[in-house]
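Values below: all heavy atoms of this structure, side chains included; hydrogens, waters and symmetry mates excluded. Note that the structure is predicted; figures quoted are calculated from it, not measured. Chain naming here is simple, since letters A, B, ... match the order of the sequence lines and numbering starts at 1 in each.
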Amino acid sequence: MELKYKIQGGNFNRAGYASSEVKKVLKQLNVDPKIIKRIVVALYEGEVNIVAHAFNGLATVTIDAEKIKIVLKDSGPGIPDVEKAMELGFTTASPAVREMGFGAGMGLPNMKKNSDFMEILSTVNVGTEVVLMNYFSK
Amino acid sequence: MNPSTKIVQRKEQNMKVIDIVNWENTTLLAGKDACEKTISGAYSSDLLSDVMGNADENMLWITIQTHKNVAAIASLKELSCVVIANNNIASAELIEAAESEGIPIISTSMSAFEFGGRLYQVLHS
Ligand SMILES: Nc1ncnc2c1ncn2[C@@H]1O[C@H](COP(=O)(O)OP(=O)(O)OP(=O)(O)O)[C@@H](O)[C@H]1O
Ligand SMILES: [Mg+2]
């Protein structure tokens with residue numbers, strides 16, 4: 001099964017839409033609730049990162065019997081130093097975004113913690129691709 | 001186990017959103033049909049990724065954030081309700097989203113500290 005969700009940079013009102021839809025699908029597929037919770041956290045943070053830091057993006061979600069694979073691809077400023085961006089507390093969020101309670105520098109660490117596999121490919125001034133995978137068996 | 005411990009445990013299991021709504025200095029703003037939900041504990045934070053990463057199902061969330069994403073997070077994390085501290089005004093978008101997601105939003109004149117302290121006493125005394 002493949003699902004695609006467009007994600008608009010700057011549009012916080014729609015952040016969480018893909019996560020909420022994917023959650024419904026996984027519930028219908030009777031995936032372990034503990035695993036669904038982890039996937040939802042990781043996908044939500046990925047969505048919000050595109051909204052907060054990029055121009056626009058696409059979440060492509062592929063589900064098979066064993067796993068879910070999420071590819072979050074955006075066009076945007078890219079990440080110059082991925083290792084640094086992964087550090088807890090590192091953020092370049094604008095003051096307006098911080099005012100909303102985003103920009104704690106916890107999103108990427110949350111994604112890492114809540115996925116079984118995570119990879120970031122980024123090109124400055126082009127965009128970022130984050131690949132997440134979670135397996136359904138315990 | 002002494003008898004008083006048992007009473008506390010029963011109280012803990014039975015704490016519901018409606019009990020908070022019935023406190024003085026709290027007002028229910030949205031989600032009146034979801035007030036029978038049980039409260040398993042609470043998390044207090046204004047950083048959304050902190051809540052996303054650390055709050056758990058059925059917890060009450062204390063915050064001063066008032067925008068729409070609060071409802072999205074509460075719904076994704078299956079929190080029992082949201083308490084907006086210090087008389088901060090929930091946005092119309094938040095109320096609308098909470099109404100459609102069935103998330104009780106409660107406003108209080110208490111600060112996050114005061115509200116959290118009171119709730120802690122009830123849940124853990
Ligand atoms: N899709 C992206 N495009 C460009 N930069 C990004 C992207 N995702 C993350 N970053 C960069 O990595 C930093 C750290 O991201 P992370 O999600 O950990 O924290 P944050 O988004 O700043 O705050 P929080 O997630 O706690 O709200 C960001 O501040 C930003 O500089
Ligand atoms: Mg983030």
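- Looking at B/Ile64, there are no atoms closer than 4.5 Å to chain A (heavy atoms on both sides), in backbone or side chain.
- B/Ser80 places a side-chain N or O within 3.5 Å of a backbone atom of B/Met59 that can act as its donor or acceptor partner.
- Between B/Ile20 and B/Leu119, the closest side-chain pair of non-hydrogen atoms falls below 4.5 Å.
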Verify side-chain contact (heavy atoms from CB on, under 4.5 Å) between B/Ile84 and B/Leu94, making sure each step is shown before the conclusion. CA-CA 11 Å; B/Ile84 299 180; B/Leu94 171 56; 3.8 Å; yes
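- The backbone N or O of B/Ile18 lies less than 3.5 Å from a partner atom in the side chain of B/Asn22, making a donor-acceptor pair.
- Note on A/Leu43: it clusters hydrophobically with A/Met1, by side-chain heavy-atom contacts below 4.5 Å among ILVMFWY residues.
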At a cut-off of 3.5 Å, what donor and acceptor atoms pair up between chain B and chain A?
residue, atom, partner, partner atom, Å
B/Leu48, N, A/Gly101, O, 2.9
B/Ser49, O, A/Asn110, ND2, 2.8
B/Ser49, OG, A/Glu45, OE1, 3.1
B/Ser49, OG, A/Glu45, OE2, 3.1
B/Glu57, OE1, A/Lys37, NZ, 2.8
B/Gln65, NE2, A/Met100, O, 3.4
B/His67, NE2, A/Met100, O, 2.6
B/Lys68, NZ, A/Asn13, O, 3.1
B/Asn69, ND2, A/Phe12, O, 3.0
B/Ser75, O, A/Lys23, NZ, 3.2
B/Leu76, O, A/Lys23, NZ, 3.1
B/Glu78, OE2, A/Lys23, NZ, 2.9
B/Glu78, OE2, A/Lys27, NZ, 3.1

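- Scanning both residues, B/Gly116 and B/Ile62, for their nearest heavy atoms gives CA-CD1, 3.8 Å.
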